[in-house]
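Taking it in order: structure first as structure tokens, then the write-up.
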2 protein chains.
Amino acid sequence: MDLRRLRYLVTVADEGHITRAAERLGIQQPPLTRQIRALEDELGVVLFQRLPRGMRATEAGRVVVEEARRILERADRLPDTAARAARGEQGRLAIGYTSSGAFQPFVAQQIRAFRTASPGVQLALAEDGTPELVAALEEERLDAAFVRSGGAHGAGLRVEPLLEEPMVAALPTGHRLAAAGGVALAELADQTFVFYRRPTGPGLHDAIVAACLRAGFSPMVGQEAPRMSSTLGLVAAGLGVSIVPASMQRMNVEGVVFTPFKGDPGLAAPLLLVTRRRDRSPIVEAFRAQAKAAATD
Amino acid sequence: MDLRRLRYLVTVADEGHITRAAERLGIQQPPLTRQIRALEDELGVVLFQRLPRGMRATEAGRVVVEEARRILERADRLPDTAARAARGEQGRLAIGYTSSGAFQPFVAQQIRAFRTASPGVQLALAEDGTPELVAALEEERLDAAFVRSGGAHGAGLRVEPLLEEPMVAALPTGHRLAAAGGVALAELADQTFVFYRRPTGPGLHDAIVAACLRAGFSPMVGQEAPRMSSTLGLVAAGLGVSIVPASMQRMNVEGVVFTPFKGDPGLAAPLLLVTRRRDRSPIVEAFRAQAKAAATD
DNA sequence: CCCGCCCATACCGCGAAGGTATGAAGATCG
DNA sequence: CGATCTTCATACCTTCGCGGTATGGGCGGG
């Protein structure tokens, strides 16, 4: 099968004459005759009735011509399709985020903004833990991920801080320290802590422990939860207190109150964007550029 | 644009290696390298990243590969599409019928049967007068037509009788002759007749007049209607009586009763199938064969 | 009945695609 | 750290197929 032959076919069908079609195609009549015959042989079907005064497409011929038109149209659009894809206007982008990222308004905002800016790009979203996201990026199941801590990763990944948000204390409703306008980190020294599982490598968990040590105490860790969102459930159940990024306040968990810190606890939750360093995809580039621009506003 | 190159493209994308792709394609590696480069030049877009250990499709490359797959799939199906079209399993068939044909159960039955037998064929239906149908056939706006009389037509058309059905008298309700189990043609001698317009050439109209003459009278023609269905409206209004094919009884017009003829009035309404003699379309052939087979049952 | 139109066939030349040989660049391993 | 291997790129040659020219054949029109 050859596109040239299909092009010849539709021209002959349009003109109804091999001679005139050849003229329009800028070739001579005999080669065109042979190409049409070759096509008929290849398909095993008679496409034209040879009349003494021209050519008439048979019923099968008409069907094939219509199909050929559709194929040619797509093929002719291919350079344009390619150019649009190269400009990042179409394709696929797989974005991951941690459960804590899912509550960050910035994350949802970036995804929504990208969807409207590049409607030709198909988005795939995934929520998972930081180690899983990093692994997915390395295996190219994801193209970009929002995480809260770098995690352990090879040199193939690029980690860029987007923004930092303050952290707040999460206390059970009616807790002694919940009443005032705020709480100092040192006041939590005698509290049992509930934490999300320490991800592989340095993360929020370590930053909190470090801040506590600077405040003069070593936190008592009671329970651990697999993800930040379930941590709040344990707090609500009264198993202890926790420290979470301010954006987690958006999650209204019955039985949990959030309290800002008085003074500077030396604690901030970063939001990081992770991509593959080698990835030259214009779509990923566009997404990175958009997110970094929005973060510096 | 060349389908061969698209085929090479998707193979390279699938394998991730030019060398292995060349092996699978049964060619050597250098020509394949050149073809891929040529395709990139033609599209003006880099489709693959050259890694020291193989080729990786860029984002644009992935988009182009997917589009190429779609194009190739259609092109590869073309021989099968052509074969199916040649067997008359797909295409288009335009069928016309006269207003009287619209009430013939045989006509609707054939159209329905063909639609289920050849679901790939798109049907176009048209109701019109015999002369218009004949003209449409000659100008190839129609492929087949059901008519009641041959009409005037060139030698290019083939007219085949399918079946003959008896004719019945159509009388206003409460008419003197409507009571008995039947009426003899001669009994209508003193009645005023309502007829549909005489089509160009010999038709039902002439057959009826001839039968009346054989029965010993010349019918008095009062009003004429443009189509057979409107004739019945005039009968209902009491403007006269008419003679119509038996299948017209299916049209329940308020104020009209139908009565069979006693004895043999020498009247029968033929149903004819008209096609183009030169038409070699397998679809039309299939339809003709089906209709003729059904008619001889 | 001859002429003209249009499709089919025969033969030739050229260009593009494939093959062979070889180079260059980077990963792998001792 | 250097030898080797892997893989893509380049150079040159060969071949096949497409298009061109010349010509035949069939059917309709004057």
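These values consider heavy atoms only, across backbone and side chains, with no hydrogens, waters or symmetry-generated copies. The chains referred to below are lettered A, B, ... by the order of the sequence lines, with proteins before strands, and numbering in each begins at 1.
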Spacing of [X] atom [atom1] relative to [N] atom [atom2], expressed in whole Å:
{"X": "A:Q35", "N": "C:dT9", "atom1": "CD", "atom2": "P", "result": "14 Å"}
{"X": "A:Q28", "N": "D:dT23", "atom1": "CD", "atom2": "P", "result": "15 Å"}
{"X": "A:Q29", "N": "C:dA8", "atom1": "CD", "atom2": "C1'", "result": "7 Å"}
{"X": "A:D41", "N": "D:dC18", "atom1": "CG", "atom2": "P", "result": "13 Å"}
{"X": "A:R24", "N": "D:dG19", "atom1": "CZ", "atom2": "P", "result": "16 Å"}
{"X": "B:F48", "N": "D:dA9", "atom1": "CZ", "atom2": "C1'", "result": "16 Å"}
{"X": "B:L25", "N": "C:dG19", "atom1": "CG", "atom2": "P", "result": "10 Å"}
{"X": "A:R7", "N": "D:dG19", "atom1": "CZ", "atom2": "P", "result": "12 Å"}

- Message: Can you tell me if A:R37 touches the phosphate of C:dT9, counting only side-chain N or O atoms and a distance under 4.0 Å to OP1 or OP2?
- Response: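 For C:dT9, OP1 or OP2 has a side-chain N or O of A:R37 closer than 4.0 Å.
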- Task: Examine D:dC18: is either OP1 or OP2 under 4.0 Å from a nitrogen or oxygen in the side chain of A:R5? Give yes or no.
- Result: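 For D:dC18, OP1 or OP2 has a side-chain N or O of A:R5 closer than 4.0 Å.
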Return the nearest nucleotide to the side chain of [X]; candidates are [options].
{"X": "B:I27", "options": "D:dG20, C:dG19, D:dG28", "result": "C:dG19"}
{"X": "B:M55", "options": "C:dT9, D:dC8, D:dT21", "result": "D:dC8"}
{"X": "B:R50", "options": "D:dA9, C:dG4, C:dT20", "result": "D:dA9"}
{"X": "B:T19", "options": "D:dC8, C:dA17, C:dC7", "result": "D:dC8"}
{"X": "A:R53", "options": "C:dT9, D:dA9, C:dC5", "result": "C:dC5"}

- Item | Donor-acceptor pair under 3.5 Å, B:R34 side chain vs C:dG19 base |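 Per atom types, the contact qualifies.
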- Does the base of C:dG18 carry an N or O that pairs as donor and acceptor with the side chain of B:R4 under 3.5 Å?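 A donor-acceptor contact between them is absent.
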I'd like to know if [X] and [Y] make a salt bridge, using a cut-off of under 4.0 Å between side-chain N and carboxylate O.
{"X": "A:R62", "Y": "A:E59", "answer": "yes"}
{"X": "B:E67", "Y": "B:R70", "answer": "yes"}
{"X": "B:R7", "Y": "B:D76", "answer": "yes"}
{"X": "B:R37", "Y": "B:E42", "answer": "no"}

- Message: Counting the atoms with a prime plus P, OP1 and OP2 as sugar-phosphate, which does A:P31 contact under 4.0 Å by heavy atoms, base, sugar-phosphate, or nothing?
- Response: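 Base, at least one base heavy atom under 4.0 Å.
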- Query: On DNA chain D, nearest-nucleotide positions of A:L32 versus B:I18: which is more 5'?
  - Reply: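 The residue mapped nearer the 5' terminus is B:I18.
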- 5' priority, DNA chain D, between B:R20 and B:P30 [closest heavy atom]: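 Result of the comparison: B:R20.
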- Query: CZ of B:R115: more than 12 outside heavy atoms within 6.0 angstrom?
  - Reply: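 No, not enclosed.
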